[in-house]
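What follows is a short report on a single structure.
Quick caveat, the model's predicted, so the values are computed rather than measured. The chains referred to below are lettered A, B, ... by the order of the sequence lines, with proteins before strands, and numbering in each begins at 1.
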Amino acid sequence: MTIEFETPKPILNQQVMLKTVAENMMRSVSREFDENEHSIPWDYVEFMHSAMRAMGGNGLAPRESENGKESSGKEKHPPIGYQLIATQIEALSWGDLGMYHCLPGGGLGAAAVYSAGSVEQRQKFLARFNEEKPTFAAMCMTEPGAGSDTSSILTRAVLDEKTNEWIINGEKIFVTGGDKSFTEYEKLGKGFIVVWASIDLIAGRAGMRAFVIESGTAGVKINKLEKKMGIRVSDTAAISLVDVRIPFENVLGSPTVEKTNTGFKGAMATFDATRPLVAASGIGVARAALEFLKEKLNENGIQIRYGLPRQKLSNIEREVIDMDIMLKSAWLMVLKAVWMADNKKPNAIEASMCKIKAGDVSTKITQKVVEILGPLGYSREFLAEKWFRDAKITDIYEGTGQINRLVVARQILGYSGKELR
Amino acid sequence: MYSFEPNEEQQMLMDAVGKYAENDLRPAAHDAEESHALPKKLVNKGWELGLLQASIPESYGGFGERSAVTGVLALEEMAFGDLAATLAVQTPSLFATPILLAGSEEQKQEYLPKIVGGEWSPYTAAFIEFSFDFDPHALKTTATLNDGEYVLNGEKVFVPFAKDAEAMIIYANLNGVTQGFIVPANTAGLKISDEREKLMGLNALPMYRVNLDDVKIPASNRLGGASGHDFDLILSSMRIASAAVAVGVANSSFEYAKNYAKERDAFGMKIAQKQAIAFMLAEMRTEIEAMRLLTWEAAWKLDNHKEDACVEAYLAFTGSVDMAMMVTDRGVQIYGGHGYIRENPVELLMRNGRGFPMLLGLAIV
C-alpha cells in the first residue's frame with residue numbers, strides 16, 4: 001500500500017459520459033421537474049436504464065467482479081466498486097440531486113439486501129435490476145415516531161408457522177422512491193421495498209430485521225407522497241402495512257432472535273456502506289453551486305487570487321477559497337471511506353465523519369452561494385436557490401449530522417450507546 | 001488509484017517519530033516553554049531520526065529521496081509531541097531542502113553533505129517580515145544586482161537559531177520576484193539581534209531578528225545560481241509542511257481533551273458522556289481528518305508535479321490554519337478553567353495553535 005490520489009482509469013473513463021448525462025438529461029429539465037412535483041422524468045429514467053444495461057451494469061449496486069472476487073488467474077486489481085459508485089453519485093448529483101434519486105436500480109433497498117442478505121438472497125432479489133424495464137427498490141426505516149432513533153421502530157413481523165409466512169404490520173414514512181418501487185407502472189419492472197421491522201419488540205435492537213416486500217403485495221398502501229423543500233422530483237412515500245403476508249425466505253439475516261443484535265447491526269452495516277454515498281451526493285450539489293458562483297464571478301470580472309495571504313484577499317475571495325477547502329477536503333473524506341469499504345476495512349468512523357463533513361459542507365456552500373449571488377441567488381431564474389433547497393436534505397437523511405456526531409463520538413471515546421446517549 | 005495507507009517504510013518512520021513525540025517531546029514541552037530552553041539532547045535525538053537525511057540522495061551524503069508525502073507524515077507525528085522542538089529539529093531543513101529543491105549543483109555539493117553528514121547543526125532561513133500583510137510574493141526585503149554582487153537590504157523576524165547559524169537562506173525581492181540568497185555567518189552588514197524574539201508561544205525555540213544593511217554576496221550565492229529558481233515550489237513545500245505541523249498540534253490537543261473528558265466527573269458522570277462535549281470532540285476529530293487528507297493530497301500532487309499542486313498546497317495550508325485554531329481552542333474549552341492553567345498542556349497548544357498563519361516558513365518538507 002501507499003498513499004496515492006491518482007484517479008483510477010475506470011473512474012476517469014466514466015467522468016465525461018456522466019457529465020454529458022448530467023448536463024443534457026438532468027440540468028436541462030431540473031427546473032421543470034422541480035416545479036412539477038411528483039411527475040416522473042421518464043426520458044431520463046429510460047435513458048439511464050438502457051445506458052447502464054449497455055455498459056453491462058447492474059444499476060449502481062456493487063458488482064462482485066469489481067470487488068476483486070472473480071479475478072482468478074489474472075493479476076488482481078485493487079477493488080474499486082464503491083469508489084466507482086461514489087464518483088458516479090457525485091457526478092449525477094452535480095446534475096440534479098432529485099433526479100439522481102430517480103436513477104433506476106436498487107438504491108438503498110438493494111444496498112440493504114447486499115449488506116444484510118445471504119448470497120442466495122442477493123441473487124434472487126438483485127438480478128431484476130438488469131432486466132429490460134427500469135426497476136426500483138426502496139428502504140423503509142423511518143416511522144412517524146422513530147426517525148434517527150431507528151431502534152425504537154414499532155413495525156412488527158410475526159411468523160405464521162402454519163403457512164410459513166411473515167405477517168407485517170406498521171407505518172413507514174419518508175420512503176425515498178417508495179412509489180416507483182411499489183406502485184405498478186407499465187414502464188417499470190417489478191420492484192420491492194425493504195421494510196425494517198421487529199420480530200421481538202422486547203428484544204429491542206436484537207429483534208430488528210429487514211424484510212423484502214415485492215411490489216403489489218396485498219396489505220401495503222401508499223398513503224401519500226410528501227411535498228418537500230427540495231429534491232421534489234424524487235418521490236417520498238408514506239406507507240402503511242396491514243397484515244402484509246410475505247414468504248419466510250424474504251427475511252434478510254437470521255430469522256431468530258439471538259443474544260447478539262445482528263439485526264440492528266445489519267442496519268448499521270448498511271449505513272456504513274451508504275453514508276459515504278449520501279455524502280458523495282451532497283458534495284455533488286455543493287460543487288454545482290460553487291462552480292456556478294465562480295462562473296458568475298468570472299463573468300463579472302472577479303478572479304480568485306489563490307496564493308495571496310488572507311489579509312490581502314477580498315471578502316468574496318476568502319469565502320470562495322474557504323468553500324474550496326471545505327469541498328475538496330470533504331470529498332477526500334468520502335474517497336477514504338469508500339476506499340476502506342472496497343478494501344474491507346472497518347469504516348464506521350470514517351463513514352460517519354464524511355457524512356458529517358459533507359452534510360455541513362453542502363448546506364453551508366449552497367447557503368453561502370445564494371447569499372453571495374444576492375438576487376441572482378434567490379431568483380428561480382437560476383438553479384442556485386434550488387440547490388440550496390436540495391442540499392439541506394443531505395444533512396438529514398441517512399443519519400442527521402447530529403446522529404453521526406454521536407456515532408463518531410462513541411467510536412472515538414470507546415463508549416456504548418448506554419454510556420453516551 | 002486512490003490509496004490512503006502509508007507504505008511500510010513510511011509506517012516505520014511514523015512509528016519511530018511517533019514514539020519520540022510521545023515519550024520524549026510531550027513530557028518535555030511544558031518545561032521547555034517555561035524555561036525558554038530546549039534540551040540539546042532532545043533536539044539531537046530528533047535529528048537522529050533522520051527526516052532530513054532520508055530526503056537527501058546518497059550522492060549528497062544522505063540516504064534516500066525526497067518525498068513530500070513522507071515528509072508530511074513524519075512531521076505530523078513529530079508535531080504531535082511539541083511544536084517548538086519540531087521546528088528546532090527541522091531548522092537545518094529550512095536551509096538544506098530549498099537547496100535540494102532549487103539549488104545549483106555547486107550549492108548542493110558545498111552544503112548538503114556538510115549538513116546531513118554529522119550532528120544537528122544550525123543552518124537556517126530568514127523569511128518572515130514584521131508587517132501585518134506579509135506576503136511571500138511581495139517581500140519588502142530587497143535584493144539588487146550591483147557589479148556582479150547581490151546587495152540585500154531589509155529586516156527579517158522569527159529566524160530560528162540565527163545567532164549560531166553557520167549560514168542562512170535569506171528570501172528577498174529581486175525585481176518583484178521572491179528569490180533565496182545564501183548568506184554565510186559574519187557577512188558584513190548582517191546584524192542579528194542580541195535578544196531573542198518574544199512571542200505568544202514558541203518560547204522554547206530561540207528566534208532572532210536579522211537586519212540586512214547592504215549585505216553583499218557573490219552572484220553565485222543566489223539560490224539556483226545565476227538563473228535563480230522557482231520560488232513557488234519552495235513556498236508550496238513550506239505550506240504543506242506547516243499544514244502537517246498544524247494537524248499534529250491539533251491532534252495533540254484533541255487527544256489530551258478526549259482523555260481528560262473521559263476522566264473528569266460532573267453531575268454524576270464523565271463530561272465526555274455529555275453530548276455538548278462529545279459532539280465537540282467528534283467535530284474536532286472530523287476537521288483534523290479533513291485537513292490531514294487535504295495535506296496528503298497536496299503533498300502527493302507536489303511529488304507528482306501536478307499542475308494544481310501549488311493551489312492545493314495553499315488550500316491545505318489555509319484550511320489547516322483555521323482547523324488548528326478551532327481544535328486547540330476547543331481543547332482548552334473542554335478542560336474548562338483547568339485549560340487556562342499553564343500546567344495543563346492544552347494551554348500551550350492553544351497559543352501554538354494561533355501561530356500558523358504567521359509562522360509560514362519555519363517548516364519545510
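Contact tally against chain B (heavy-atom pairs below 4.5 Å) for Val408(A), Ile11(A), Thr2(A): the top residue is Thr2(A). Ranked by heavy-atom pairs shorter than 4.5 Å toward chain B, the options Asn404(A), Val338(A), Leu420(A), Asn343(A) are led by Leu420(A). Of the listed residues Asp322(B), Asn304(B), Asp232(B), the one with more heavy-atom pairs under 4.5 angstrom with chain A than any other is Asp322(B). For the set Arg410(A), Glu6(A), Met340(A), the entry with the most heavy-atom pairs within less than 4.5 Å of chain B is Glu6(A). Of the listed residues Gln273(B), Met1(B), Lys306(B), the one with more heavy-atom pairs under 4.5 angstrom with chain A than any other is Met1(B). With respect to chain A, the highest number of heavy-atom pairs below 4.5 Å among His137(B), Arg292(B), Lys262(B), Glu8(B) belongs to Lys262(B). Taking Glu350(A), Lys345(A), Gln311(A), Arg405(A) one by one and counting their heavy-atom pairs under 4.5 Å with chain B, the maximum is reached by Arg405(A).
Heavy-atom distances place both the backbone and the side chain of Glu419(A) under 4.5 Å from chain B. Contact annotation for Arg421(A): only backbone heavy atoms (N, CA, C, O) come within less than 4.5 Å of a heavy atom of chain B. Both the backbone and the side chain of Gln402(A) have a heavy atom closer than 4.5 Å to some heavy atom of chain B. Using a 4.5 Å cut-off between heavy atoms, Arg239(B) contacts chain A through its side chain alone, with no backbone atom that close. Looking at Leu235(B), neither its backbone nor its side chain comes within 4.5 Å of chain A, counting heavy atoms on both sides. Using a 4.5 Å cut-off between heavy atoms, Gln11(B) does not touch chain A at all. Contact of Phe317(B) with chain A is not made at all, since no heavy-atom distance falls under 4.5 Å. Neither the backbone nor the side chain of Ala313(B) comes within contact range of chain A; no heavy atom of the residue lies under 4.5 Å from a heavy atom of that chain. Both the backbone and the side chain of Lys336(A) come within less than 4.5 Å of a heavy atom in chain B. Of the atoms belonging to Tyr415(A), it is side-chain heavy atoms, and not backbone ones, that fall under 4.5 Å from chain B. Neither the backbone nor the side chain of Ile304(A) comes within contact range of chain B; no heavy atom of the residue lies under 4.5 Å from a heavy atom of that chain.
Chain B is approached within less than 4.5 Å, heavy atom to heavy atom, by Met353(A), Ile356(A), Lys357(A) from residues 352-362 of chain A, ordered by number. Of all residues spanning residues 321-335 of chain A, those with a heavy atom less than 4.5 Å away from chain B's heavy atoms are Ile321(A), Asp322(A), Asp324(A), Ile325(A), Lys328(A), Ser329(A), Leu332(A), Met333(A), Leu335(A), arranged by number.
Taking every heavy atom of both residues into account, Leu101(B) and Ser237(B) meet most closely at CD1-OG, 3.6 Å. Among all heavy-atom pairs drawn from Val346(B) and Tyr256(B), the shortest one is CG1-CB, 3.8 Å.
The backbone N or O of Met291(B) lies less than 3.5 Å from a partner atom in the side chain of Thr295(B), making a donor-acceptor pair. Remark: side-chain polar atoms of Glu398(A) are not paired, donor with acceptor, to backbone N or O of Thr274(A) under 3.5 angstrom. Distance alone, capped at 3.5 Å, is enough to place a donor-acceptor pair between the Asn259(B) side chain and the Glu255(B) backbone. Although no hydrogens or angles enter the test, the distance criterion places no donor-acceptor pair under 3.5 Å between the side chain of Asp395(A) and the main chain of Thr363(A).
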* Verdict with reasoning, Phe127(B) to Phe134(B), per ring-ring contact (aromatic ring centres under 6.0 Å, His included) -> CA-CA 10 Å; Phe127(B) 180 52; Phe134(B) 169 66; 5.3 Å; yes
* Asked: Which is it for Glu291(A) and Lys294(A) under the salt bridge (Lys or Arg N to Asp or Glu O under 4.0 Å) test, yes or no, and what are the steps along the way?
  -> CA-CA 5 Å; Glu291(A) 285 178 2; Lys294(A) 286 180 178 177; over 6 Å; no
* Given Met323(B) and Met326(B), is the side chain to side chain contact (heavy atoms under 4.5 Å, CB included) satisfied, shown in steps? -> CA-CA 5 Å; Met323(B) 180 279 295; Met326(B) 181 278 263; 5.6 Å; no
* Evaluate salt bridge (Lys or Arg N to Asp or Glu O under 4.0 Å) for Glu312(B) paired with Lys301(B), printing each intermediate quantity in order. => CA-CA 8 Å; Glu312(B) 189 97 0; Lys301(B) 284 187 173 179; 3.3 Å; yes
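Within the cation-pi definition used here (under 6.0 Å to the ring centroid, within 45° of the axis), Lys156(B) does not qualify as a partner of Tyr171(B).
Two rings, from Trp339(A) and Tyr2(B), have their centers 6.0 Å or more apart.
No more than 12 heavy-atom neighbours from other residues, nucleotides or ligands sit within 6.0 angstrom of CD on Glu9(B). Summarising the local packing, CD of Gln333(B) is surrounded by 12 or fewer heavy atoms from other residues, nucleotides or ligands at distances under 6.0 Å. A 6.0 Å sphere centred on NZ of Lys312(A) holds more than 12 heavy atoms belonging to other residues, nucleotides or ligands. For CE of Met17(A), the number of neighbouring non-hydrogen atoms (other residues, nucleotides, ligands) closer than 6.0 Å is greater than 12.
If you take NE2 on His229(B) and CD on Gln179(B), they are separated by 4.0 Å, rounding to the nearest 0.5 Å.
Using modelled atom types and a 3.5 Å distance limit, the side chains of Thr141(B) and Glu129(B) yield a donor-acceptor pair.
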